[in-house]
> 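Take this structure, written in structure tokens, and hold onto it; I'll ask about it next.
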Amino acid sequence: MPTIVTHAAVPLCLGLGLGARVIPPRLLFAGMALAMLPDADVLAFKFGIAYGNIFGHRGFTHSLLFAFVVPLICVLVGRRWFGAGLMRCWLFLTVSLLSHSLLDSITTGGKGVGWLWPWSDERFFAPWQVIKVAPFALSRYDTPYGHQVIISELLWVWLPGVVIMTWLWWRRR
């Protein structure tokens, strides 16, 4: 998985690039939160649930069903709070949440992503894995491998995100 902070890069860059009139600050915040939400599944380890279990890491919280239904619930409950139209809110929150499993699918480790749950327990990777898989322990970031993870995320997530953000910002000027 990329680091939890890097999962927020996609909605952050899109939201800032599109501007506050299109993506109001509360909607941007919700998108960033939803982009990080699937990794709450690491709590399953505390309950003895194995990594490869559908309720383990990268299981059902990384599924397409989860990515479409959770934003819908958020929009139905908090649309007025977000300050934007129903479709725009749902679309932005869905893209934000989907970005999580997409980023996880292009990492160099793990057991894949459970995109097709509940129809299948199979795990998937994208055809190419370019992002170094992040360690679970914070102490491992202060190692040569941890530095490689950070550089990998900067190169494959943050740099393209900033380029897209800048292009979107430039287009609306």
> Indicate every side-chain donor-acceptor pair of residues 111-121 with a distance under 3.5 Å to a residue at least two apart or in another chain.
residue, atom, partner, partner atom, Å
Trp115, NE1, Ser101, OG, 3.0
Ser120, OG, Glu122, N, 3.1

> Shared ILVMFWY cluster between Val5 and Ile151, side chains joined below 4.5 angstrom?
no
> Hey, could you give me the CZ/CD1 distance between Phe60 and Ile54, rounded to the nearest 0.5 Å?
9.0 Å
> Taking C-beta and beyond as the side chain, do Leu27 and Leu93 meet within less than 4.5 Å on heavy atoms?
yes
> Judged by atom type as modelled, is there a donor-acceptor pair below 3.5 Å linking the side chain of Tyr141 to the main-chain atoms of Pro135?
yes
> With sequence neighbours left out, write down each residue that passes side chain to side chain contact (heavy atoms under 4.5 Å, CB included) with Leu43, or none if nothing qualifies.
none
> Taking His57 for its side chain and Asp41 for its backbone only, find out whether a donor-acceptor pair lies under 3.5 Å.
no
> Working to the nearest 0.5 angstrom, can you tell me the gap between Cys74 SG and Trp81 CH2?
10.0 Å
> Would you confirm whether Thr61, through its side chain, and Pro38, through its main-chain N or O, come within 3.5 Å as a donor-acceptor pair?
yes
> Working to the nearest 0.5 Å, report the span between CZ of Phe125 and OG1 of Thr108.
8.5 Å
> Using the rule that Ile, Leu, Val, Met, Phe, Trp and Tyr join whenever any side-chain heavy atoms are under 4.5 Å apart, tell me whether Val95 and Leu18 fall into a single cluster.
yes
> Between Gln148 (side chain) and Lys132 (backbone), is there a donor-acceptor pair under 3.5 Å?
no
> State, yes or no, whether a side-chain contact exists between Asp39 and His62 at a heavy-atom distance under 4.5 Å.
yes
> Test of understanding: clusters of I, L, V, M, F, W, Y form through side-chain heavy atoms closer than 4.5 Å, transitively. Do Val69 and Leu86 belong to the same one?
yes
> Within the supplied structure, the quantity of interest is the number of heavy atoms (other residues, nucleotides, ligands) at a distance under 6.0 Å from Arg172 CZ; does it exceed 12?
yes
> Are Phe68 and Leu98 packed together at the side-chain level, in the sense that at least one heavy-atom pair is separated by less than 4.5 angstrom?
yes
> Step by step, would you call Phe82 with Arg88 a side-chain contact (heavy atoms from CB on, under 4.5 Å)?
CA-CA 10 Å; Phe82 295 137; Arg88 184 182 313 162; over 6 Å; no
> Do side-chain atoms of Arg123 reach the backbone of Arg58 as a donor and acceptor pair under 3.5 angstrom?
yes
> Determine whether Leu155 and Ile150 fall in the same hydrophobic cluster, where Ile, Leu, Val, Met, Phe, Trp and Tyr are linked whenever their side-chain heavy atoms lie under 4.5 Å apart.
yes
> How long is the gap from CG on Leu159 to CG on Leu154, to the nearest 0.5 Å?
8.5 Å
> Which atoms form the tightest heavy-atom contact between Asp142 and His147, and what is the distance?
OD1-NE2, 3.8 Å
> Is there a side-chain contact between Leu168 and Leu14 in this structure, where contact means two heavy atoms from C-beta onward sitting under 4.5 Å apart?
yes
> Verify side-chain contact (heavy atoms from CB on, under 4.5 Å) between Leu37 and His7, making sure each step is shown before the conclusion.
CA-CA 9 Å; Leu37 176 65; His7 279 300; over 6 Å; no
> Does any non-hydrogen side-chain atom of Ile106 lie less than 4.5 Å from one of Trp156?
no
> Give the minimum heavy-atom separation between Gly83 and Pro24, together with the two atoms involved.
O-CG, 3.4 Å
> Evaluate the criterion side-chain contact (heavy atoms from CB on, under 4.5 Å) for residue pair Leu72 and Trp90; output intermediate values, then yes/no.
CA-CA 6 Å; Leu72 181 61; Trp90 180 80; 3.9 Å; yes
> Does the side chain of Ser105 reach to within under 4.5 Å of the side chain of Leu102, using non-hydrogen atoms?
yes
> When you compare the side chain of Phe92 with that of Leu34, does any pair of heavy atoms fall below 4.5 Å?
no
> Phe29, Val70: one ILVMFWY side-chain cluster at the under-4.5 Å cut-off?
no
> Got a sec: does the CH2 of Trp169 have more than 12 other heavy atoms crowding it under 6.0 Å?
no
> Can you find a heavy atom in the side chain of Leu103 that is under 4.5 Å from one in the side chain of Val10?
yes
> Taking all atoms of both residues into account, what is the closest heavy-atom pair of Ser96 and Ser99, and its distance?
O-OG, 2.6 Å
> Under the side-chain contact (heavy atoms from CB on, under 4.5 Å) criterion, do Arg173 and Trp170 qualify, and how do the steps go?
CA-CA 5 Å; Arg173 293 284 167 215; Trp170 178 78; 5.6 Å; no
